[in-house]
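This report concerns only the one structure given below.
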Amino acid sequence: MNTLPRSRPPFGWPVAALAIVAALAFGAFCANAGAADREVVWTGLIYATNEGGPDRTPAVLAPYARQIKKVFGYNRLQLLGEQRKVMDRHQKQWSLVPGKGFVLQVDSRKKGTRGCHLHLALSRQKKLLVKTDAMLAPHSPLFFRGPLYGRGQLIIAVMVE
Amino acid sequence: MKPFEETYTAWLDGELSPEEARAFEAGLDPRQRAEAEAERAATRALGDLLRHHLPTPPLPNPDFFNHSLLERIAAEERAAAPAPARSGSPFLRLFWATLSGAAVAAITLAAVVVTTGAPRMTTDFYAVTPPGEGDYYAEILESEPGQPTISAYAFHSSSEQLTVLWLDGLDYLPAEP
């Protein structure tokens, strides 16, 4: 009875094991590097008022609610809209739509020692309101004081998560 | 007794009591009285003009204004504060500074080795030692309004740890039902 010859690695088992370990390490490195090239950017449209009723401050704003209320002079915060996007290094421009016709464009990104350098353009109904360059550390939102709305104020927040 | 100038300016401003005003006017001869009346009329006209044409503009954002003002005062006070006096020779200070730096570096390295096993090699220094990780940091480097009617002010409250790009001149939006 013919028996098939047993296959053996050309350089022996120790070399093959080393190659497998190296391949796994390289894969882990690449995955980690890919994750470092991506950030999640969150934007939200906040409605700040001094009206009565229950405070419906959303969880995402809870760490900054006290400061927002004090600086803007309102005691109720409500999230009218929000959007999250993964910013990929290979994509040049992102548009985030927090709501009420506002569009926040992020069209370049560099990572610095203290955070992300973002070029932001805020517009509403195709009308450019402001362009700005900002450096944002993770979980350090930047706030745009928007127009008066209803009985309060609109605030647009952008944050790198 | 009040000096004449003081009484005269009080009379011009209408701050004298009726008795004082009558006594002041009785002390003037007809020519002086005519000149004083003319000046009082001119002063009143100027006051009316200023009141009607140069009203004090309402401060739209008093909290923001106060914050900015206090921040600026604090910054100017910090800048104006005298530097602490130094003593000892410059060589001794250099020696102690070098020794302190070396000690801090050794402690930091030891802490990194203990907590992470070994220092990692990376091109991103931020990944190894985040500067004040968890601290708020948002800085507006530059801003430009998109419309001539809009003003944009970068505002950072160090006490509240909040950075705002403050836009003025935006149209009011009525709330949707």
Side-chain angles (χ1 to χ4, degrees), chain A residues 32-33 36-37 47 49 63-64 66-74 80 100-102 111-125 127-160, chain B residues 59-68 70-71 120-177:
Chain A
N32 193 33
D37 287 340
Y47 178 38
T49 62
Y64 321 101
R66 186 188 60 77
Q67 294 94 318
I68 296 170
K69 288 174 183 176
K70 185 163 184 188
V71 169
F72 288 94
Y74 294 97
L80 298 183
K100 299 282 178 205
F102 286 96
K111 199 169 181 182
T113 53
R114 297 203 69 181
C116 275
H117 183 176
L118 301 177
H119 182 72
L120 305 163
L122 179 68
S123 55
R124 183 173 187 274
Q125 294 176 340
K127 184 176 156 187
L128 178 66
L129 303 179
V130 70
K131 290 190 294 185
T132 185
D133 274 17
M135 188 75 85
L136 302 184
H139 301 284
S140 296
L142 170 68
F143 297 92
F144 294 82
R145 178 192 180 265
L148 294 172
Y149 172 78
R151 294 184 175 183
Q153 174 97 56
L154 290 180
I155 301 165
I156 298 98
V158 58
M159 175 168 66
V160 177
Chain B
L59 199 58
N61 311 106
D63 290 339
F64 168 64
F65 178 78
N66 290 339
H67 256 293
S68 304
L70 290 172
E71 291 281 329
R120 284 181 288 159
M121 291 298 290
T122 173
T123 54
D124 188 0
F125 179 70
Y126 178 40
V128 177
T129 53
E133 193 175 12
D135 291 349
Y136 180 88
Y137 174 71
E139 184 182 2
I140 295 169
L141 306 172
E142 194 179 351
S143 63
E144 183 187 341
Q147 308 288 328
T149 53
I150 297 173
S151 308
Y153 309 98
F155 163 56
H156 174 73
S157 168
S158 53
S159 59
E160 299 303 324
Q161 289 294 292
L162 207 71
T163 302
V164 179
L165 187 56
W166 200 274
L167 302 180
D168 267 334
L170 300 175
D171 294 334
Y172 168 79
L173 296 179
E176 292 162 10

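Residue numbering restarts at 1 for every chain, and letters A, B, ... go by the order of the sequence lines.
- Comparing P174(B), G169(B), S157(B), A152(B) by how many heavy-atom pairs each has under 4.5 Å with chain A, the most go to P174(B).
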Inset, instruction - Kindly determine whether V130(A) and I150(B) satisfy side-chain contact (heavy atoms from CB on, under 4.5 Å), including the steps that lead there. - result: CA-CA 8 Å; V130(A) 70; I150(B) 297 173; 5.7 Å; no
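- Considering NZ of K69(A) and CD of E160(B), their distance stands at 12.5 Å, rounded to 0.5 Å.
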Inset, instruction - Starting from the C-alpha separation in whole Å, work towards a yes-or-no answer on side-chain contact (heavy atoms from CB on, under 4.5 Å) for W166(B) and F72(A). - result: CA-CA 10 Å; W166(B) 200 274; F72(A) 288 94; 3.9 Å; yes
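- A distance of 11.0 Å separates CD of Q67(A) from OG1 of T163(B), quoted to the nearest 0.5 Å.
- At a threshold of 4.5 Å between non-hydrogen side-chain atoms, the residues R124(A) and D171(B) do not count as touching.
- Proximity to chain A (any heavy atom under 4.5 Å) is shown, for L167(B), by both the backbone and the side chain.
- Considering only heavy atoms from C-beta on, L122(A) stays 4.5 Å or farther from L165(B) through its side chain.
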In residues 139-147 of chain B, what donor-acceptor pairs under 3.5 Å come from side-chain atoms, sequence neighbours left out?
| residue | atom | partner | partner atom | Å |
| --- | --- | --- | --- | --- |
| E139(B) | OE1 | Y137(B) | OH | 2.5 |
| Q147(B) | NE2 | L128(A) | O | 3.1 |

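- Nearest heavy atoms, A138(B) versus P141(A): CB-O, 4.0 Å.
- Between the side chain of Y136(B) and the backbone N or O of A137(A) there is no donor-acceptor pair closer than 3.5 Å.
- Within the 4.5 angstrom heavy-atom criterion, no atom of P63(A) approaches chain B.
- With rounding to the nearest 0.5 Å, the separation of CZ in F144(A) from CG in L170(B) is 11.5 Å.
- Neither the backbone nor the side chain of I155(A) comes within less than 4.5 Å of any heavy atom of chain B.
- Among L154(A), I68(A), L148(A), V160(A), the residue with the largest count of heavy-atom pairs under 4.5 Å with chain B is L148(A).
- No other option in M159(A), H139(A), K100(A) has as many heavy-atom pairs under 4.5 Å with chain B as K100(A).
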